[in-house]
> 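First, the structure itself, so that you have it in front of you.
We count residues from 1, following the sequence as given.
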Amino acid sequence: MTFPLITDPFFYAVAVPAVLLLGISKSGFGAGFGSLAVPMMALAVTVPQAAAILMPVLLLIDLLGMAAFRKDFDMRLVKFLVPCGLLGTVIGTLLFKVLPANTVAGIVGGFTLLFLAQRLLFRPRPDSPPPPRWLGALFTVTSGFTSFIAHAGGPPVSAYVIPLRLSPVTFTASLAFFFFVINLSKWIPYAWLGLLDMRNMSTSLVLLPLAPIGVWIGVRLARRIDPVLFYRILYFGMFLTGIKLLWDGVH
């Protein structure tokens, strides 16, 4: 039995660094660079195909991240985030074949850049209160939606979680747990939409060994990096993500 694979060398030239960045992001730098994975791979394949290929990779990365940070997540925060995120995936399922992927990319990119501008122009004081829960719910529903469409759920949920000023490890662990549940919930809808075909899954198996490498790098960095530097890198990653997604949205 032969497995149909993507054989285009350019695809692997963009897919290999995309998977490594995804592993680093999911287990070490939260939502920074991981949202670039689908846009990078979309240089060679369509956005839906890139999202489908990354599904098994995401599952392995999530499992490794959960194992690494199983004692570090904030359970109260996760219990708040998960139901909102699942609602977003339901909305994503219903709109997947209606809403163009580049439109979603533009929305996510614009939102990300607006959030960063707000953080730079209106810096919160050390004693400033956390964002209201209704706003967190709205951001997290948006995260579930954009995660379903293009695995780009990091920036919206980070807009709520970053101002909570968690430690880098708690931040990373909580989002790892959240995205484990969200990504697991996508499998049945993705199969229903016809995205999990043999060619996509076979290609994903080729990329799968890269996932532990990215996770290993991310875990080591998250446990050793200074919190101030951590958030600077996170902001920079979100800036790159916002620019790339906004560019995709208007072209």
Side-chain angles (χ1 to χ4, degrees), residues 2-70 105 146-155 168-169 172-173 175-184 186-187 190-191 195-225 230 233-234 236-238 240-241 244-245 248:
T2 60
F3 294 96
L5 292 171
I6 294 175
T7 57
D8 180 10
F10 179 67
F11 167 78
Y12 292 99
V14 294
V16 168
V19 172
L20 289 174
L21 282 176
L22 192 63
I24 293 170
S25 173
K26 291 293 182 181
S27 57
F29 291 109
F33 296 95
S35 297
L36 287 171
V38 168
M40 286 176 65
M41 291 176 63
L43 295 172
V45 296
T46 65
V47 169
Q49 187 176 6
I53 290 170
L54 286 174
M55 283 295 287
V57 176
L58 280 170
L59 177 61
L60 178 57
I61 287 173
D62 288 338
L63 289 172
L64 293 171
M66 288 285 292
F69 295 107
R70 61 188 179 278
T146 54
S147 177
F148 186 90
I149 297 293
H151 301 321
V169 170
T172 301
L175 289 192
F177 195 105
F178 168 71
F179 280 112
F180 168 74
V181 177
I182 297 304
N183 289 331
L184 202 60
K186 299 178 196 174
W187 278 87
Y190 266 53
L195 296 173
L196 303 182
D197 60 37
M198 184 62 72
R199 187 166 187 250
N200 290 340
M201 294 302 94
S202 299
T203 303
S204 182
L205 289 177
V206 174
L207 298 172
L208 209 57
L210 298 170
I213 299 173
V215 172
W216 179 80
I217 295 171
V219 169
R220 289 182 65 85
L221 289 174
R223 294 192 179 279
R224 288 165 173 77
I225 195 167
F230 174 86
I233 293 174
L234 185 62
F236 182 65
M238 291 179 70
L240 293 180
T241 300
K244 179 64 172 73
L245 292 176
D248 290 344

> In Å, rounded to the nearest 0.5 Å, how long is the span from CG of N183 to OH of Y190?
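Rounded to the nearest 0.5 Å, the CG-OH separation comes out at 8.5 Å.
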> What distance separates F11 CZ from T203 OG1, expressed to the nearest 0.5 Å?
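Taking CZ in F11 and OG1 in T203, the distance rounds to 5.5 Å.
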> At what distance, to the nearest 0.5 angstrom, does CG of L22 lie from CG of D62?
8.5 Å
> Taking only distance into account, with no hydrogens and no angle test, what donor-acceptor pairs under 3.5 Å do side-chain atoms of residues 39-59 form with protein atoms, sequence neighbours excluded?
unit_1	atom_1	unit_2	atom_2	d
T46	OG1	Q49	N	3.2
Q49	NE2	N200	OD1	3.1

> Which atom pair, heavy atoms only, marks the closest approach of A211 to I61?
CB-CG1, 3.5 Å
> Mind checking the CD1-NE2 spacing from I149 to H151? Nearest 0.5 Å is all I need.
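Here the rounded value is 10.5 Å.
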> Using 0.5 Å steps for rounding, measure from the CZ atom of R199 to the CG atom of L5.
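Atom-to-atom, R199:CZ and L5:CG are 8.5 Å apart.
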> When you compare the side chain of V206 with that of Y12, does any pair of heavy atoms fall below 4.5 Å?
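In contact.
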> Determine the minimum heavy-atom distance between L63 and F180, stating which atoms define it.
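L63 and F180 have their closest heavy atoms at CD2-CE1, 3.6 Å.
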